[in-house]
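Inspection log for the structure reproduced underneath, given as structure tokens.
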Amino acid sequence: MKNGGSNPPAPGNRCAGPPGGLSCRPGGFVFYYARMLLPLAATGVALGAWAYGTYEPNSSLFGRAIGRGSPAQRVAYLTFDDGPNPGATEPILATLGAHGVPAAFFMVGEHVRRFPAIARRVAELGHDVGNHTLRHKKLHLLGPSRIREELEGAHEIIAELTGRAPRTFRAPHGYRNPFVTRATRRLGYTVFGWTFGVWDSDSRVSAEEIRARVRRKLKPGAIVLLHDGDGYDPNGDRRRTADALPGIIEDARGRGYVFRPLAELIA
Ligand SMILES: [Zn+2]
């Protein structure tokens with residue numbers, strides 16, 4: 001008897017499932033394997049999304065992070081991470097002052113403790129002061145209590161030694177997880193990413209090259225990531241960034257850009 005119509009399947013027939021069942025359709029094995037692989041694919045998508053939330057500094061997966069201002073105007077925002085630093089922060093402040101340019105400084109708590117006078121000067125000159133953790137830890141693999149310690153420890157030191165409580169946060173390397181979001185919410189922070197960096201922390205990149213890279217990458221609304229310090233070495237050399245800054249400002253203004261304070265993007 002043929003196995004068709006409403007007849008029950010013959011014993012031993014590989015089409016032994018319920019009539020019309022998955023393995024009895026044309027290409028049944030394809031469906032079977034697809035059913036096996038779909039959960040794996042879903043897991044892959046979930047891992048991909050998690051990686052995106054973790055490593056993409058402007059991702060909103062773990063809470064909003066502002067990565068750019070309005071693209072409709074020729075405005076730009078200068079941000080400096082990993083300071084304060086004895087060799088670079090002061091000359092950067094001098095250049096900003098001479099040109100009347102505002103900037104934001106995302107400070108490392110331990111560096112603020114080491115160089116409180118430089119940190120205080122940043123605040124006194126009216127620049128934005130942000131939190132960049134206590135010890136510049138990569139946060140994405142840390143749990144809730146270590147993350148709170150990194151953020152709240154830096155918050156207390158910065159508030160006490162600069163006289164200004166930070167309202168903004170940027171994660172070291174942009175790495176985040178859901179516990180980071182919880183800690184930033186508790187502190188009432190706005191989280192920032194960046195539009196582009198120029199690898200100015202690489203010692204092989206000259207001041208001229210730093211300037212040229214900013215010139216090439218600048219676009220309306222850009223939040224520019226630069227470094228006035230080294231996240232790990234409190235005396236790390238960032239003078240090349242300081243040397244590049246006058247040219248960066250000159251190039252941008254020559255193209256009609258206006259530098260604005262990052263605080264205006266706070267929600
Ligand atoms: Zn950093």
Side-chain angles (χ1 to χ4, degrees), residues 53-59 62-63 65-68 77-89 92-93 103-115 118-119 122-123 127-142 146-155 157-158 161-162 166-177 179-181 183-184 187 189-205 210 213-214 217 222-242 244-245 248 262 265:
T54 301
Y55 297 112
E56 163 54 46
N58 306 325
S59 143
F62 301 143
I66 299 172
R68 190 176 174 183
Y77 306 87
L78 291 179
T79 67
F80 295 91
D81 284 13
D82 302 350
N85 172 286
T89 308
I92 286 171
L93 289 174
F105 292 78
F106 288 94
M107 298 183 181
V108 176
E110 286 294 353
H111 293 358
V112 174
R113 202 199 306 266
R114 201 179 283 251
F115 307 114
I118 305 174
V122 173
H127 298 292
D128 295 321
V129 173
N131 184 332
H132 197 47
T133 74
L134 186 57
R135 306 179 192 93
H136 207 265
K137 292 280 177 202
K138 292 173 182 164
L139 300 177
H140 61 309
L141 297 176
L142 299 187
R146 294 282 308 281
I147 287 172
R148 271 188 71 176
E149 185 190 319
E150 279 293 324
L151 271 69
E152 292 179 9
H155 183 92
I157 290 173
I158 295 169
L161 296 180
T162 69
R167 292 187 298 151
T168 57
F169 174 76
R170 177 182 275 158
H173 309 278
Y175 297 168
R176 289 175 295 143
N177 67 20
F179 305 124
V180 175
T181 311
T184 54
L187 289 162
Y189 283 167
T190 298
V191 178
F192 281 92
W194 57 86
T195 308
F196 67 87
V198 294
W199 302 104
D200 60 319
S201 43
D202 184 333
S203 61
R204 292 164 298 184
V205 181
I210 292 169
R213 287 180 183 181
V214 174
K217 293 184 169 188
I223 297 172
V224 184
L225 170 64
L226 295 165
H227 297 83
D228 69 320
D230 179 320
Y232 305 99
D233 176 2
N235 292 296
D237 185 359
R238 291 289 177 270
R239 283 173 300 180
R240 289 164 300 103
T241 299
L245 188 58
I248 289 172
L262 193 68
L265 300 179

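Numbering of ligands and ligand atoms starts at 1, following listing order. It should be emphasised that the depicted structure is a prediction, and the values quoted were computed from it without experimental measurement. Values below: all heavy atoms of this structure, side chains included; hydrogens, waters and symmetry mates excluded.
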Worksheet item: Hey, does the side chain of Lys217 reach the backbone of Gly197 with a donor-acceptor pair shorter than 3.5 angstrom?
Response: yes

Discussion item. If we ignore hydrogens and angles and just use 3.5 Å, is the side chain of His132 paired with the main-chain N or O of Arg170 as donor and acceptor?
Written reply: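 Yes, His132 side chain to Arg170 backbone: donor-acceptor pair under 3.5 Å.
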
Fill in: Partners passing ring pair (Phe, Tyr, Trp, His ring centres under 6.0 Å) against His155 (at least two apart in sequence or in another chain)
Tyr189

Fill in: All ring pair (Phe, Tyr, Trp, His ring centres under 6.0 Å) counterparts of His227, not counting sequence neighbours
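Partners of His227 by the ring pair (Phe, Tyr, Trp, His ring centres under 6.0 Å) criterion come out as none, since no residue qualifies.
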
Fill in: Salt-bridge contact Glu149-Arg135 (side-chain N to carboxylate O under 4.0 Å)
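Salt bridge flag = yes for Arg135 with Glu149.
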
Worksheet item: Number of protein N/O/S atoms less than 2.8 Å from the Zn ion (ligand 1)?
Response: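 Protein heteroatoms (N, O, S) closer than 2.8 Å to the Zn ion (ligand 1) number 3.
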
Fill in: Qualifying residues under salt bridge (charged side-chain N to carboxylate O under 4.0 Å, His left out), relative to Glu56, sequence neighbours excluded
none

